[in-house]
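Below is one structure, written out as structure tokens, with a few remarks after it.
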2 protein chains.
Amino acid sequence: MKNKIDIQQNEITDFSDPCTLPCPIERGMRIIGGKWKGSILWYLKDGPIRFNELTRKLRGASKKMVNQRLKEMEEMDLLERKVLSTKPFAVAYEITDFGKSALVFLEQLKDWSLENNI
Amino acid sequence: MKNKIDIQQNEITDFSDPCTLPCPIERGMRIIGGKWKGSILWYLKDGPIRFNELTRKLRGASKKMVNQRLKEMEEMDLLERKVLSTKPFAVAYEITDFGKSALVFLEQLKDWSLENNI
DNA sequence: AAGAGTGGTTACCAAAAGTAAACTAGTTGA
DNA sequence: TCAACTAGTTTACTTTTGGTAACCACTCTT
């Protein structure tokens with residue numbers, strides 16, 4: 001995870017960097033709000049999932065996309081990539097504690113979606 | 001707001017249309033998750049705001065962007081555009097009940113951001 | 001009359017994001 | 001040996017997004 005820059009204390013205002021955005025909602029959205037990110041985290045909540053399985057669940061997303069998102073989310077410490085020493089080898093993606101902390105509000109988003117027929 | 005298509009009952013799977021996405025989290029994200037949308041709604045929660053004021057608050061967003069987002073959000077019934085008959089004329093943007101219903105989880109997102117130093 | 005503020009619109013351009021399809025390389029079962 | 005599955009990577013292409021800057025009509029202040 002990138003270091004946060006305290007925008008109260010200095011004048012760095014590079015708005016292309018999510019960490020310098022003034023609004024915490026905006027900063028949060030840049031972490032969790034990307035295309036597919038929320039869904040991926042949601043699918044991971046019940047246990048590790050393997051790459052192809054995840055791609056199938058996220059119907060409509062290409063392999064490249066899924067892989068890109070997974071890499072980003074691993075860098076942000078939302079999930080972990082684990083290579084299983086099975087034969088043939090497999091890779092499982094597992095949610096981290098930080099990732100789990102985001103589930104609270106993803107659950108609310110899900111409820112909001114369903115309640116409002118979105 | 002677009003009509004929801006019941007994906008349980010038919011086989012329409014146009015994934016470019018948010019409404020046909022299988023995951024409610026993904027559908028919700030397409031409504032509220034865009035760049036600046038969350039912040040705009042958050043700034044509107046304490047009362048109507050005028051265009052230029054909003055643009056100034058959203059430091060880093062261009063007039064064009066703000067206007068685009070406002071139009072989208074008006075179409076989605078998240079907010080209302082009201083022309084005030086003052087001289088010179090002014091425009092105020094006001095949050096709707098539907099918009100207010102999203103504030104619950106935006107608040108959670110804000111807390112999550114602050115708790116995790118995002 | 002000039003300058004600033006209101007709320008935008010427009011044109012142009014660059015960069016980012018997303019897509020399908022082919023390809024890799026190793027393993028396994030028929 | 002061949003097809004299929006694992007987890008991707010690469011390519012080539014199209015689409016979307018976003019940014020700057022100029023412009024507009026109107027009004028108010030100086």
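Source: prediction; values computed, not measured. Side chains included, hydrogens not; waters and symmetry mates left out as well; all remaining heavy atoms used. Sequence lines set the chain letters: A, B, ... in the order given, protein chains first and strands last, and positions in each chain run from 1.
Across all non-hydrogen atoms, the minimal contact from A:Leu106 to B:Ile25 is O-CD1, 3.7 Å. Smallest separation of non-hydrogen atoms from A:Ser101 and B:Asn116: OG-ND2, 4.2 Å.
Between C:dG7, D:dG18, D:dG8, one nucleotide has an atom nearer to the side chain of A:Arg81 than all others, and that is D:dG8. Of the candidates D:dG8, C:dG8, C:dG18, C:dG8 carries the atom nearest the B:Asn67 side chain, counting heavy atoms from C-beta on.
Summarising the geometry, the separation between CH2 on B:Trp36 and C1' on D:dT17 is reported as 14 Å, rounded to the nearest angstrom. Going from atom CG of A:Leu54 over to atom C1' of D:dC5 covers 17 Å, rounded to whole Å. In this structure, the NZ atom of B:Lys37 is 10 Å from the P atom of D:dT17, given to the nearest Å. When rounded to the nearest whole Å, the span between CD of B:Glu26 and P of C:dG18 equals 10 Å. Between the CZ atom of B:Arg50 and the C1' atom of C:dG5 there is a distance of 10 Å, given to the nearest Å. Nucleotide C:dG18 holds its C1' atom 8 Å from the CD atom of A:Gln68, rounded to whole Å. Following rounding to the nearest Å, B:Arg56 (CZ) and C:dG5 (P) show an atom-to-atom distance of 9 Å. Per the geometry, CG belonging to B:Asn52 stands 18 Å off P belonging to D:dC26, to the nearest Å.
Taking for each of A:Ala90 and B:Met65 the nucleotide of DNA chain D with the nearest heavy atom, the 5'-most of the two is the partner of A:Ala90. Comparing B:Val91 and A:Lys35 along DNA chain C, the residue whose closest nucleotide (by nearest heavy atom) sits nearer the 5' end is B:Val91.
Between B:Arg69 and the phosphate of D:dG18, there is a side-chain N or O to OP1/OP2 separation shorter than 4.0 Å.
One finds a salt bridge joining B:Lys82 and B:Glu94 here, because a Lys/Arg side-chain nitrogen approaches an Asp/Glu carboxylate oxygen to under 4.0 Å. Taking 4.0 Å as the cut-off between side-chain N and carboxylate O, A:Arg50 and A:Glu53 do not count as a salt-bridged pair. Between B:Lys71 and B:Glu75 no salt bridge is recorded (no basic side-chain N to carboxylate O distance below 4.0 Å). The existence of a salt bridge linking A:Glu107 and A:Lys110 is confirmed by a sub-4.0 Å separation between a basic side-chain nitrogen and an acidic carboxylate oxygen. For B:Glu72 and B:Lys37, the salt-bridge test passes: some basic side-chain N is under 4.0 Å from an acidic carboxylate O.
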Review item, nucleotides 20-30 of chain C N/O atoms under 3.5 Å of protein N/O:
residue: C:dT28; atom: OP1; partner: A:Lys87; partner atom: O; Å: 3.2

